[in-house]
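Quick notes on the structure that follows.
Since the structure is predicted, the reported quantities are computational estimates derived from the model, not experimental observations. These values consider heavy atoms only, across backbone and side chains, with no hydrogens, waters or symmetry-generated copies.
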Amino acid sequence: MIPNYSGHKVAGGKTEMSNKYSPENIELKWQRYWEENASYQATEAPDKPKYYLLEMFPYPSGRIHMGHVRNYCIGDVIARYKRMQGYNVLHPMGWDAFGLPAENAAIKHRTHPASWTQKNIAYMRRQLQRMGYSYDWTRELSTADPQYYRWEQLIFIKMYERGLVYKKKSPLNWCPSCKTVLANEQVEGGGCWRCDTSVVQKDLEQWFFRITAYADELLKFCDELHASAGSGWPERVITMQKNWIGKSEGVEVDFPVIGFNKPIRIFTTRPDTIYGATFVILAPEHPLLRELVGGEPNEEEILAFAEGERQVDRITRTAADREKVGYPAGRYAINPYTNQRIPIWVANFVLPEYGTGAIMSVPTHDQRDFEFAKKYGIPLQVVIQPQGEPLKEETMTAAHEGEGVLVNSDIFSGMGNEEAKGAIIEYTENRGWGERKVNYRLRDWGISRQRYWGAPIPIVYCERCGTLPVSEADLPVVLPAKIEFPADGHSPLPEMEDFVNTTCPKCGGRAARDTDTMDTFVESSWYFARFTCVKYTAGPFDPKAASYWLPVDQYVGGIEHAILHLLYARFYTKVMRDLGFLELDEPFSALLTQGMVIKDGAKMSKSKGNVVDPNDLISEYGADTVRLFSLFASPPERDLEWSEEGVEGSFRFLSRVFRLLEKFDFILIQPKQFDLPNTLKHLQNKELRRQVHRTIKKVTEDIERRFHFNTAIAAIMELVNALYLYEPPAAADDEAQAVVHEALGSVALLLSPFVPHIAEELWERLGNPPGIFEQPWPKYQDDLVMLEKITLVVQVNGKLRARIEVSANPAPEEHKTMALQDDRIRKYVEGKHIRKVIYVPKKLVNIVVVA
RNA sequence: GCGAGAGUGGCGGAAUUGGCAGACGCGCAGGACUUAGGAUCCUGUGGGGUAACCUGUGUGGGUUCAACUCCCACCUCUCGCACCA
């Protein structure tokens, strides 16, 4: 379906070429021009206001997909628009180059991850350049470059010195066949995604970033990002982050155990229900379990159950619909509040890593406890009565988790439950039974990966001195290039003696390197800051450049990174601030999350077979058409339904724009300076000019206020339609020439952020020197935008009955009178009592009548 | 289950602060040009009715002179979280 754009033949020696819209010629011409003139290079200019626009950089998987295209089109509009608004714009691009697919490709195709990645980068860079994005390519970076990750290693060392990095044993998904750790999302139905072998839990020594130390600040700043609503972060991303951090306030309490010298410490957010705690449950991993059940009749059974649970992968383990299973430990605790003897249980739904790994169980006021108690016949005790029908233990079919008044709660009986929470915590602290405690759902960030293709962790283990960071002078710890990949997929690093064997930075003795690499989310947690000074060698950041450009004024990317990447980057920013590298609390002042690209009702994916390749579109229609359609079909934050007809429509529009040159050929034969008089003689000139200025206003506001490019483009389409309908009063008349020239120039300027190539071409053909991107954004004249005549809507009892053309600025009474005098209106009003006349200035008159 | 968002013609979508519902595009129909048109240009296009007019933004109610927009209840879809004590 290649469009046939062989328009009519032009007589008189002009080549056909010059008059038909031939995107490829135009686009390559201007891409070359921009490159040769270094058009988009950014340099710090303290006298100019800066604007840092960033799109989420891609993983170099091989080729650009439509999701990237949409993301980068949105970003490019904003970057180009801001540039024309006079900002000094930084708009960089780079590569999130470490990661698993490179390693998998290496094993599969017997290539090197580095060369595979290099090849992909080269190809994708060409694709992006072919799209005409206004990147400053001199700032391109790749995270796999030792000159990049050396600073990551430095930051790691500084974090280590500050206690923000630590090592601990933690359970991981492990595939025994592939001999590697799997991320949670790589475990499918309990099996390895690659070989389907059952995944086991394995305890491994891992490095962790202490993100929990920043939990409160990350939470607090959520509100500040939100406070700048409209220009800040989308509400739902903030909500997701808040939920992820999951702050909960409660209390930790010791429950003594009968015949045992250590108490069990539990955490609860519901101290108001503590008098109803009729049992205690431990997680299977609870450290006291073995000791507690030692010698009990069912010891072996319980320990076997606990061991079985340890082996279950985290996904299954924490699934909400998993059946609750437990065993009585055979021992009893004392509820210190009631002095009652209550049984101790072990159950699969209690998680070792949250709170204290032990809970008090209140079946009457917690649904999970209720189900568990019913299943195992554990007694219930109501301690909160809601309004209305009183709760009875025997007849309850579900827990009452809501509000109420305390009963059976000693001195707290009669108190409202919200009030009781604080009172009981205070009581607890006074008695020394426990203390107030804040818990987070957020866990420290495990960053060790048993993988080759990542940034090496700069740690050595010395036989004499123990665990030590690599000395700063020895950075970077470079990933060895010469490698043989074991066929089973495990990392080659541990077996590479040249790499592993090193000397201790302290005693000079024999030492071994850590052979894990860092999670690739670490690289993407600071790349935005490195873009301000990619070539700086004295440290990770050039303080002058960083403080000039940061924070990112507008970040654009997919919603799928709403939690992990954005939370990590926020955390890392605060860490870098506290290490003295940056002076910055938050990395991204504003965030725009674009919707997915959909085709036939589903997200584009290889498995669905509904993928559209940008290359095919570019060769068929050109980059400008692809850009235009991705921006026109829906507003950025919504999903975009791909439509071949819609793409053709966009192409048709651009051809139509280009043919304007032909229509106004006779006017534009002699480009010259046109002066526009304040008052125009001809009505059609006046009207065209008014529409030009109204369009400038509309497009400016749509971009500026809400990034609604679809309506901005629609307005330009209307202007183009008006130009087609426009007939000059007399050919080549000066006034007409001037008006048309302004109109065509405005079309080019207004289009330039969206479809820069054709805009440049138009601009040049209108007789201007090349470089539309350096032009100031057009301004509208307020007095021209005002209409002299308006359509006044006249309603009777709220129903539209007439539209009348009136002059815009008479006294209010006049519009009312005109409305009442209209024939069509008189018909409805005659013989009735006019109760009220509502007048909305310059818009509407509503006459309220009664019969 | 909890949280967030959405529901408007045949389709993508517009209506910015409660004030003309359906901008713009696609599709469709008619016309012009043409040997031809799947190119281009013009016109029309929510539904019903010859018409005056009636009706219409997921459903039902409410507030208002006036509701796609605000309030209450419900239905459907999408996304996120989901045993976190």
Side-chain angles (χ1 to χ4, degrees), chain A residues 1 3-8 234-240 242-244 246 248 250 266-270 273 281 317-324 347-351 353-362 366-369 371-372 439-443 559-560 562-563 595-596 598 628-629 632-635 637-650 652-653 655-656 659 663 698 701-702 705-706 708 710-718 720-721 724-725 791-800 802-803 827 835-841 843-849:
Chain A
M1 225 165 303
N4 163 22
Y5 34 81
S6 59
H8 72 256
E235 187 64 45
R236 64 178 177 140
V237 176
I238 290 168
T239 309
M240 281 159 80
K242 278 186 177 170
N243 291 344
W244 189 261
S248 57
I266 59 98
F267 172 73
T268 182
T269 55
R270 292 296 304 273
T273 67
I281 314 179
R317 178 73 186 277
T318 57
D321 52 1
R322 193 150 175 260
E323 201 194 341
K324 293 175 178 52
N348 60 352
F349 70 95
V350 178
L351 305 172
E353 64 271 25
Y354 188 79
T356 58
I359 60 167
M360 68 166 193
S361 215
V362 186
D366 182 288
Q367 187 58 24
R368 295 159 302 183
D369 296 347
E371 286 163 22
F372 193 81
N439 257 314
Y440 296 95
R441 216 185 69 109
L442 182 71
R443 302 286 140 77
I559 186 79
E560 64 272 20
I563 297 173
M596 290 185 300
I598 303 285
L628 187 71
F629 181 74
F632 177 64
S634 63
E637 67 279 7
R638 295 239 297 233
D639 285 349
L640 181 144
E641 176 77 36
W642 197 262
S643 139
E644 187 68 26
E645 292 83 6
V647 177
E648 280 175 31
S650 294
R652 208 145 49 211
F653 170 69
S655 311
R656 204 166 140 81
R659 273 195 310 274
K663 173 175 161 114
K698 168 85 177 147
E701 288 175 354
D702 281 349
R705 292 226 291 257
R706 37 178 214 167
H708 276 205
N710 55 333
T711 51
I713 292 165
I716 303 172
M717 287 175 168
E718 285 185 79
V720 170
N721 290 344
Y724 267 90
L725 295 178
T791 307
L792 190 69
V793 170
V794 187
Q795 299 179 329
V796 178
N797 286 349
K799 286 199 173 181
L800 175 72
R803 285 182 190 143
K827 194 168 80 183
R835 201 159 65 90
K836 209 194 243 188
V837 178
I838 314 275
Y839 175 62
V840 181
K843 274 188 181 155
L844 162 148
V845 175
N846 186 12
I847 303 155
V848 186
V849 298

*So what does G246(A) touch, heavy atoms closer than 4.0 Å: a base, only the sugar-phosphate, or nothing?*
nothing
*How do G798(A) and M240(A) order along RNA chain B: which one's closest nucleotide is nearer the 5' end?*
G798(A)
*With rounding to whole Å, what would you report as the distance between G3(B) and U64(B) at their P atoms?*
31 Å
*Establish whether the base of C83(B) is bridged to the side chain of R322(A) by a donor-acceptor pair shorter than 3.5 Å.*
no
*Please measure how far the C1' atom in U16(B) lies from the corresponding atom in C68(B), and state the result in whole Å.*
14 Å
*Given that S643(A) and S634(A) both sit by RNA chain B, which one's nearest nucleotide is further toward the 5' end?*
S634(A)
*G5(B) and A85(B): how far apart are their P atoms, nearest whole angstrom?*
24 Å
*Does the side chain of N721(A) pick up a donor-acceptor pair with the side chain of R656(A) at under 3.5 Å?*
yes
*asked:* Using a heavy-atom cut-off of 4.0 Å across all strands, would you classify D369(A) as base, sugar-phosphate, or nothing?
replied: nothing
*Which part of the nucleic acid, if any, lies within reach of F653(A) when heavy atoms closer than 4.0 Å are counted: base, sugar-phosphate only, or nothing?*
nothing
*Between C65(B) and G60(B), how far apart are the C1' atoms? Round to whole Å, please.*
24 Å
*Please evaluate the base of C83(B) for a donor-acceptor partner in the side chain of K324(A) within a cut-off of under 3.5 Å?*
yes
*V793(A) near the nucleic acid: base, sugar-phosphate alone, or nothing, with a heavy-atom cut-off under 4.0 Å?*
base
*asked:* Can you say whether a donor on the side chain of K663(A) sits under 3.5 Å from an acceptor on the base of U40(B), or the other way round?
replied: no
*Establish, yes or no, whether the cationic atom of K324(A) lies under 6.0 Å from the six-membered ring centre of F372(A) and within 45° of the ring axis.*
no
